[in-house]
2 protein chains.
Amino acid sequence: MVSIKDIAKKAGVSISTVSYALNGSDKVTDETSSKILAAAKELNYVPNAAARSLKKRESKIIGAFLTDFKGDVYGELLGGMKEVCNAQGYDLIVCSGKQSHRMLPEKMIDGAIILDQTFTSEELVRYADRNSKIVVLDRELGHPNINQVLLDNKAGATLATEYLVDKGYKKIYVVTGPDGSFDSMQRMKAVKLVADRNEDMEWIEIAGDFMKSGGERAADQIRREYTQPVGVFCLNDEMAIGLCDRLSDTELQIGKHVHLIGFDNIELARYMQPRLATIDYSKRKWGALAAEQLLKIIAGDKVENERIYVSLVDGDSVTRSAHSHTHE
Amino acid sequence: MVSIKDIAKKAGVSISTVSYALNGSDKVTDETSSKILAAAKELNYVPNAAARSLKKRESKIIGAFLTDFKGDVYGELLGGMKEVCNAQGYDLIVCSGKQSHRMLPEKMIDGAIILDQTFTSEELVRYADRNSKIVVLDRELGHPNINQVLLDNKAGATLATEYLVDKGYKKIYVVTGPDGSFDSMQRMKAVKLVADRNEDMEWIEIAGDFMKSGGERAADQIRREYTQPVGVFCLNDEMAIGLCDRLSDTELQIGKHVHLIGFDNIELARYMQPRLATIDYSKRKWGALAAEQLLKIIAGDKVENERIYVSLVDGDSVTRSAHSHTHE
DNA sequence: TTGTAGGCGTTATCAG
DNA sequence: CTGATAACGCCTACAA
């Protein structure tokens, strides 16, 4: 490995002069500086990240932590983060799995963006206490070193539920996320509020998992209990697609017997037959905002918690109930 | 930041003893060791990654470099890599973009898995010359520090092309990847070989880009030139889907007028109407094998270049030509 | 403008 | 078994 010491020797100066020259300090003559740069190039010098991090106590790297690498949501999200990070001279790395958590306390990264339920809140707070900078996308956490950028789950779930109600469905199944999912709980809360406002609405909760399998199990239950057209709100699109899959070779048709809406607007949603109604939001913006907030915290700036707004996407997976009274 | 020096002070021993105890050396009494461990825990000690990397000249981190974070192929691929890495005590980080290339020469990571055309081969060889360990998934490169794990593109493209021929199509469009794509070139080569073996097969190359837009442009051209049912081989599924999208509101129907096969078997393929015929391979295995090879190189073991096998997936996007002679 | 020297946190060598 | 001590590569007062 070639170090600044080697450059110093070759250029006939001291290592500190090399360091100054390499870092573009004006404390060095242009002449010696260019001599040093030339030597560095010739020797194929590459600075050592570990040494620099050790001394400067920063790595200029941000870590994004995800539950897994699958999932259609992540592509745009990470793209948004990277764009912001790079613009400010930071690199973004993506990590998954418990084992990689260590990178945060060990200061391998300057900060973390968390979208990973396997990261417990206690763990995050513990790191934040020791001065790690964190932005969470999947929970609420009050701590000076932690900021949160959350989806407007309440608005989204309200839109979705009211959509089903407006289309004339009184009986509505809601397929939840896994236990402990913040998004799931928030969305459920909004569903309940809508139900409270609509006296004649009956709703049934089905425990899901945000994966296809949850939608499949829900499909089985709905089919067993089926008597008349119903509304179904899957708390994410992936479960909605699992539900469609399972129902596809039965007598129950989506958009006719089962009126389905999801959440996330993943790419697949628009390829479903019929097109899946769902809740949309800008994944890129979400990621970008999260990164912005994190970099601000790192810079020591004050930040406010931010929210990502959502909108409803129509789809023929929900059609108007034949029995509904049209009020217009 | 609490360092081993602090622990040493608290436990009343020297820093070297602390280091030994922390690393589980048997050169320390169980008694002092447990005293040290207790002190470490009490002080919330976390080792500093930069310091350790600097001294040990390894980070126990592997980097996967992708063109972008989108793309359905990556989820499983990265999952396979991570599994292998973790099992051997390595962490996996995912990087994208030119800026992050520096992590390799700067020794922030112990090795890299490359699936990213924006990494030039010269750059990779330069790093390999300086002792970086690399596995490439998207090119061929002869270098002692570089190994390659490639798809069996030839077999896949041959299967796909012959599938169209067997179904009775004489005129076959082939939509390529972007210029310089290794996969695209390999697949094209195989197409040409099949064409050479089938005298009456006519094939037309359309320049694509492995993105939806390429498929859309191809659709336009095919539609302009359409006279009778044709076969189309999109060199990846994403372009095939772009092509379907663009054709969906025209008079040309997939599986009737345009007989389409893709490559990759992404999740969306099985949701297309009709189901997209394509070439499948285990993305998880691909990633796992790449990681295995890389860790072997790092360990100094000899490795052979490996290949990932492929298979054909039937789909109604290709049906038998009405004019074809059935030979059975 | 350049050089000297100390230190970041860790590991590892070599004496005690 | 334990303790000094010297690196690892880089940065940065401070001194010259």
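Just so we're on the same page: letters track the sequence lines, and every chain starts at 1. Worth knowing before you read on, the calculation uses all heavy atoms, side chains too, and leaves out hydrogens, waters and symmetry mates.
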Next item on the list: Step through the shown structure and confirm whether more than 12 heavy atoms of other residues, nucleotides or ligands are within 6.0 Å of NZ on Lys70(A).
Entry: yes
Next item on the list: Run the numbers on Tyr20(A) and Asp26(A) for side-chain hydrogen bond (donor to acceptor under 3.5 Å, both in side chains), then give the verdict.
Entry: CA-CA 8 Å; Tyr20(A) 286 133; Asp26(A) 50 359; over 6 Å; no
Notebook entry, point to check: With distance as the sole test, does Ser96(A) use its side chain to make a donor-acceptor pair with the main-chain N or O of Leu66(A) at under 3.5 Å?
Noted result: yes
Next item on the list: Determine the interplanar angle of the His101(B) and Phe119(B) rings, folded into 0 to 90°, and report it as parallel if under 30°, tilted if 30 to 60°, perpendicular if over 60°.
Entry: parallel
Item checked: Among Ile113(A), Leu151(A), Ile114(A), Leu289(A), side-chain contact (heavy atoms from CB on, under 4.5 Å) partner for Leu137(A) -> Ile113(A)
Check: Is the charged tip of Lys41(B) near the ring of Tyr45(B): under 6.0 Å from the six-membered ring centre and within 45° of its axis?
Finding: no
Check: For every nucleotide of nucleotides 8-16 of chain D, 5' to 3': is a protein heavy atom under 4.0 Å from its base (B), only from its sugar-phosphate (S), or from neither (-)?
Finding: BBBBBB---
Checklist line | Interatomic spacing from CD in Gln148(A) to NE2 in His143(A) - rounded to 0.5 Å | finding: 12.5 Å
Margin query: Quick check: closest heavy atoms across Ser181(A) and Phe210(A), and the distance to 0.1 Å?
Written below: OG-CE1, 3.4 Å
Notebook entry, point to check: What nucleic acid atoms does Thr32(A) come within less than 4.0 Å of, heavy atoms only: base, sugar-phosphate, or nothing?
Noted result: sugar-phosphate
Notebook entry, point to check: Of all nucleotides in DNA chain C with an atom under 4.0 Å from a non-hydrogen atom of chain A, which is the first and which the last going 5' to 3'?
Noted result: dT1(C) to dG9(C)
